[in-house]
Amino acid sequence: MTAFLAALLLVVAAVGLLRWRRPAWYWLVFGVTFAVLRVLVRYVSVMDACGLAVPPSRWRLALARMTNRPVPDSRVPRILRIRPTRTGLVLRLKLRPGQDAFDVSAATDRLRHSFGMYGVTSRELRSGVVEVRMTGYDVLKRVQMPAAADTRPMRVPVALREDGSVHYRDYRTVPHGLTLGATESGKSVYQRNLVAGLAAQDVALVGIDCKQGVELFPLARRFSALADNPDTALELLDALVTHMEDVYQLIRAQQRISVNVPDAEIAADIWDLPADMRPVPVVVLVDEVAELALFTSKDEEKRRDRIVTALVRLAQLGRASGIYLEICGQRFGSELGKGITMLRAQLTGRTAHRVNDESSANMAFGDIAPDAVLAAIQIPTETPGIAVTGDSSGGWARIRAPHTSLRQAVNICNKHADRTPDLPGLEPFRPSVAPLPSARVPLSKTASATA
């Protein structure tokens, strides 16, 4: 008996240690089984207590009276499917007549407590069908990206969402983005993940880093053009506008407008062109955009106006020519001068890391997702990398990018340096880098001494 108790205590201690140090392993081994049992056993009572039950229909009541049977119980949403994942559970529910997807969304916090899960989110799949995603542990505390990600051209995984799914930056769907965040909020790490994901794709990277290039110039081998001061940035942006106009001339020449060509095949952007003549897409990364908008003299003010005008033109017209903007900064409000709010209106994707005041969060989400403003200002200081992301649809989610050191990002960019395209119009801004050192190493100390 003593040996049995000792073994039981040992197992309990091992399970507790596993839950503390390796929550993902604990979830896959023990947690998922307990969670499924809790959901199936408590489902009807929890749904009824959360107000997600509807009274029986009139014909069922009439049938019960006619047959002298007890009054039928209220009905709850029917479980179509329950699927375990590596981070939680996914329930697909069929709503009853009279129910709405908003009812489930409003009850997610109560469902989280009732089922003993870490987080619960919901979304409508189609009319009458709602998907409820439950997470069994804090997936953002220690981010582990899945080994297999759904990567496509111009679509890269950059972070993990709080429901355990992967957050993708899809430039075909959301062409331009804005990333805000205070100092030490994780904004630079998010940018490194973005560059590392794009480095393996056939895309031209263009960078503007007015912090004398300390963030982007270490990654220079994968960049087709770089600028480290406002004067060079203005010349680079003018060259990008010229490149955009040249691409539109190519599209005009290849539109193939005739009565024999269906509408779906008429070229209206670079993705409608044949692959052999399609220009390479360009992603423009601007670090600390406020440095481009600040001025102290009349000449700097003129330069600032030209820079903002060029950025607005690229944001309004660049999508069809394959030019996409990724703008980062600590603040991005009207105090930066005229034209800034016009530029912000063109940046569909919004990501806000920890900010120091509510007005900074309003700059990101006040016009598209007011509910996300409160979530952005509640990000704690001790958790860098956590951010709130949203778009013009009004939806938002909490995300966290995996920590990528500058050394790791540099190694990835060096590995894919051969993919860096040469753009004739941007050749004057191509960073000059030393050749990569030889990968050969001596086989032994003797060989090294002989050499």
side-chain hydrogen bond (donor to acceptor under 3.5 Å, both in side chains): which pairs involve [range], sequence neighbours left out?
range            : answer
residues 279-299 : T296-E300
residues 417-427 : D202-R419, D422-R430
residues 119-128 : R123-E131

Should [X] and [Y] count as side-chain neighbours, where that means a heavy-atom distance under 4.5 Å?
X    : Y    : answer
V104 : L95  : yes
R83  : R92  : no
L273 : P279 : yes
V282 : V203 : no
L89  : V32  : yes
D272 : Q254 : no
V308 : I340 : yes
R155 : R172 : no

Say you draw a straight line from [atom1] of [X] to [atom2] of [Y]; how long is it, rounded to the nearest 0.5 Å?
X    : Y    : atom1 : atom2 : result
L423 : D246 : CG    : CG    : 11.0 Å
L343 : L336 : CG    : CG    : 10.0 Å
L91  : R133 : CG    : CZ    : 11.0 Å
R400 : L160 : CZ    : CG    : 10.5 Å
L294 : C210 : CG    : SG    : 10.0 Å
L234 : R303 : CG    : CZ    : 8.0 Å

Would you mind writing out the side-chain donor-acceptor pairs for residues 406-413 within the sub-3.5 Å range, not counting sequence neighbours?
from, atom 1, to, atom 2, distance (Å)
R407, NE, N411, OD1, 3.2
R407, NH2, N411, OD1, 3.1
Q408, OE1, S405, N, 2.9
Q408, OE1, S405, OG, 3.4
N411, ND2, R407, O, 3.3

Original post:
Taking it one step at a time, do S185 and Q330 satisfy side chain to side chain contact (heavy atoms under 4.5 Å, CB included)?
Top reply: CA-CA 10 Å; S185 64; Q330 297 185 31; over 6 Å; no

Please collect all ring-ring contact (aromatic ring centres under 6.0 Å, His included) contacts where either partner lies in [range], sequence neighbours excluded, each pair once.
range            : answer
residues 198-229 : none
residues 172-208 : Y190-H353
residues 291-341 : Y171-Y324
residues 397-427 : none

Which pair of non-hydrogen atoms, one from [X] and one from [Y], has the smallest distance, and what is that distance?
X    : Y    : value
L216 : L285 : CD1-O, 4.1 Å
V214 : D209 : N-OD2, 3.3 Å
A107 : L52  : CB-CD1, 4.1 Å
W27  : T87  : NE1-C, 3.7 Å
T183 : R354 : O-NH2, 2.9 Å
L111 : C50  : CD2-SG, 3.9 Å

Original post:
Are there more than 12 heavy atoms of other residues, nucleotides or ligands under 6.0 Å from atom OH of Y118?
Top reply: no

Subject >> Within 6.0 Å of CZ in R306, more than 12 heavy atoms from elsewhere >> reply: no

**OP:** State plainly whether the residues D109 and R112 are in salt-bridge range, i.e. N to O under 4.0 Å.
**Re:** yes

Subject >> D170 and R152 ion-paired at < 4.0 Å >> reply: no

Please check: side-chain N/O of [X] versus main-chain N/O of [Y], any donor-acceptor pairing under 3.5 Å?
X    : Y    : value
S114 : R110 : yes
R169 : V174 : yes
E184 : P384 : no
R350 : A364 : yes
T135 : G164 : no
D305 : K302 : no

Original post:
If you look only at pairs with a residue in residues 312-321, which of them pass as a salt bridge (Lys or Arg N to Asp or Glu O under 4.0 Å), with sequence neighbours excluded?
Top reply: E245-R313, D269-R319

**OP:** Please collect all salt bridge (Lys or Arg N to Asp or Glu O under 4.0 Å) contacts where either partner lies in residues 373-383, sequence neighbours excluded, each pair once.
**Re:** none

**OP:** Take V312 and Q346, measure what side chain to side chain contact (heavy atoms under 4.5 Å, CB included) needs, and give me the verdict at the end.
**Re:** CA-CA 8 Å; V312 171; Q346 303 295 327; 5.5 Å; no

Subject >> Criterion side chain to side chain contact (heavy atoms under 4.5 Å, CB included) on I270 and I251, from CA distance to verdict >> reply: CA-CA 7 Å; I270 65 168; I251 295 174; 4.1 Å; yes

Subject >> Partners meeting side-chain hydrogen bond (donor to acceptor under 3.5 Å, both in side chains) with S224 (sequence neighbours left out) >> reply: none

**OP:** Would you please name every residue forming a side-chain hydrogen bond (donor to acceptor under 3.5 Å, both in side chains) with T383, sequence neighbours left out?
**Re:** none

**OP:** Let me see the working for K338 and R304 under side chain to side chain contact (heavy atoms under 4.5 Å, CB included), right down to the final yes or no.
**Re:** CA-CA 10 Å; K338 60 181 180 181; R304 176 252 175 226; 3.9 Å; yes

**OP:** Check each of P157, S188, P402 against N193 using the side-chain contact (heavy atoms from CB on, under 4.5 Å) test, and report the only one that passes.
**Re:** P402

